[in-house]
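What follows is one structure encoded as structure tokens, with my remarks underneath.
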Amino acid sequence: MPDRKYRFSWELIGDLALGRPNLGPSTRLEIYRLMQFTFRDVLEQHYGTEQTDQLFYQAGHLAGTEFYRQYLSEIKEFNAFIKSLQSSLKDMGMGILRVEKADVAQGSFILSVSEDLDCSGLPELHYEICTYDEGFIAGLLESFTGHQFKVKEIDCWCTGDRTCRFSAELIP
Ligand SMILES: [Zn+2]
């Protein structure tokens, strides 16, 4: 069977220095959100809300797994892993990560992300919207620990909190 057309690889990100000598590696957040929310709209029209959420979670999971592999895979100790993750997320303008609770032995965590790329500043929507982030965090934690996690956003900018807060629980 031939390989898939769109399998992710970091090569697809391209050589930004070569390709964008004047504009550089950054873009306006409106444009990132425009892409994300139009994707969501079209996916929902085709596949329904629940399936769309699952697809966003899975894409986020793949992103978290690849992000770990690309930037964090050398780190073996939990505090060093979190520290490095915090600075990468901040440097790349993705958000400000805080660990509010970490029970490493039980695999139980509460993480918050402020100024989140996906949702910070959105109108109040009465539902959490950061499904992609849930998957992203699950992908990171699973890559680091080798165990499966269930990640759920419990507070979001969109639900009136001014930060996104995620629970992450080890699946026994
Ligand atoms: Zn959120």
Side-chain angles (χ1 to χ4, degrees), residues 8 13 25-72 78 81-104 106-145 147-171:
F8 178 79
I13 304 295
S26 298
T27 187
R28 289 281 294 266
L29 202 48
E30 295 93 314
I31 299 308
Y32 167 83
R33 288 185 180 177
L34 178 69
M35 186 171 81
Q36 164 154 173
F37 286 102
T38 50
F39 255 122
R40 238 188 245 260
D41 179 312
V42 173
L43 286 170
E44 187 185 41
Q45 290 183 59
H46 284 264
Y47 301 112
T49 307
E50 200 176 316
Q51 182 80 9
T52 298
D53 284 342
Q54 279 173 23
L55 290 168
F56 260 74
Y57 189 97
Q58 282 173 32
H61 190 283
L62 177 59
T65 305
E66 290 290 344
F67 190 92
Y68 175 84
R69 245 192 249 166
Q70 182 80 345
Y71 300 112
L72 304 163
F78 182 75
F81 165 67
I82 292 295
K83 221 170 167 209
S84 182
L85 178 60
Q86 277 171 327
S87 55
S88 325
L89 296 182
K90 185 158 184 275
D91 292 349
M92 293 186 196
M94 291 170 76
I96 300 165
L97 173 73
R98 286 191 190 86
V99 178
E100 298 188 351
K101 185 193 114 183
D103 185 336
V104 181
Q106 293 290 313
S108 176
F109 303 91
I110 302 282
L111 309 172
S112 68
V113 181
S114 296
E115 301 193 30
D116 184 84
L117 183 59
D118 289 350
C119 78
S120 205
L122 262 62
E124 287 206 19
L125 296 170
H126 310 295
Y127 53 84
E128 294 85 13
I129 204 166
C130 300
T131 324
Y132 187 90
D133 286 7
E134 291 176 343
F136 190 82
I137 292 168
L140 286 169
L141 288 174
E142 288 176 13
S143 299
F144 180 75
T145 64
H147 299 290
Q148 277 202 295
F149 276 82
K150 181 177 170 49
V151 178
K152 182 83 192 76
E153 189 177 34
I154 49 178
D155 294 311
C156 182
W157 181 282
C158 300
T159 58
D161 289 271
R162 286 301 174 254
T163 190
C164 298
R165 186 168 288 111
F166 300 88
S167 72
E169 299 290 334
L170 183 81
I171 299 171

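Indexing begins at 1, ligand by ligand and atom by atom, following the structure's order. What you are looking at is a predicted structure, and each value in this text was computed from that prediction instead of being measured.
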Neighbour count >12 (heavy atoms, 6.0 Å) for atom CD, Gln86: yes

SG (Cys130) to the Zn ion (ligand 1) to SG (Cys156) angle, given to the nearest 10 degrees: 120°

Heavy-atom neighbours of Lys83 NZ exceed 12 at 6.0 Å: no

Angle subtended at the Zn ion (ligand 1) by Cys119 SG and Glu153 OE2, rounded to 10 degrees: 170°

Cys164 near the Zn ion (ligand 1) via N/O/S, less than 2.8 Å: yes

Leu97 and Leu111, any side-chain heavy atoms less than 4.5 Å apart: yes

Geometric class of the Phe78/Phe81 ring pair [parallel <30°, tilted 30-60°, perpendicular >60°]: tilted

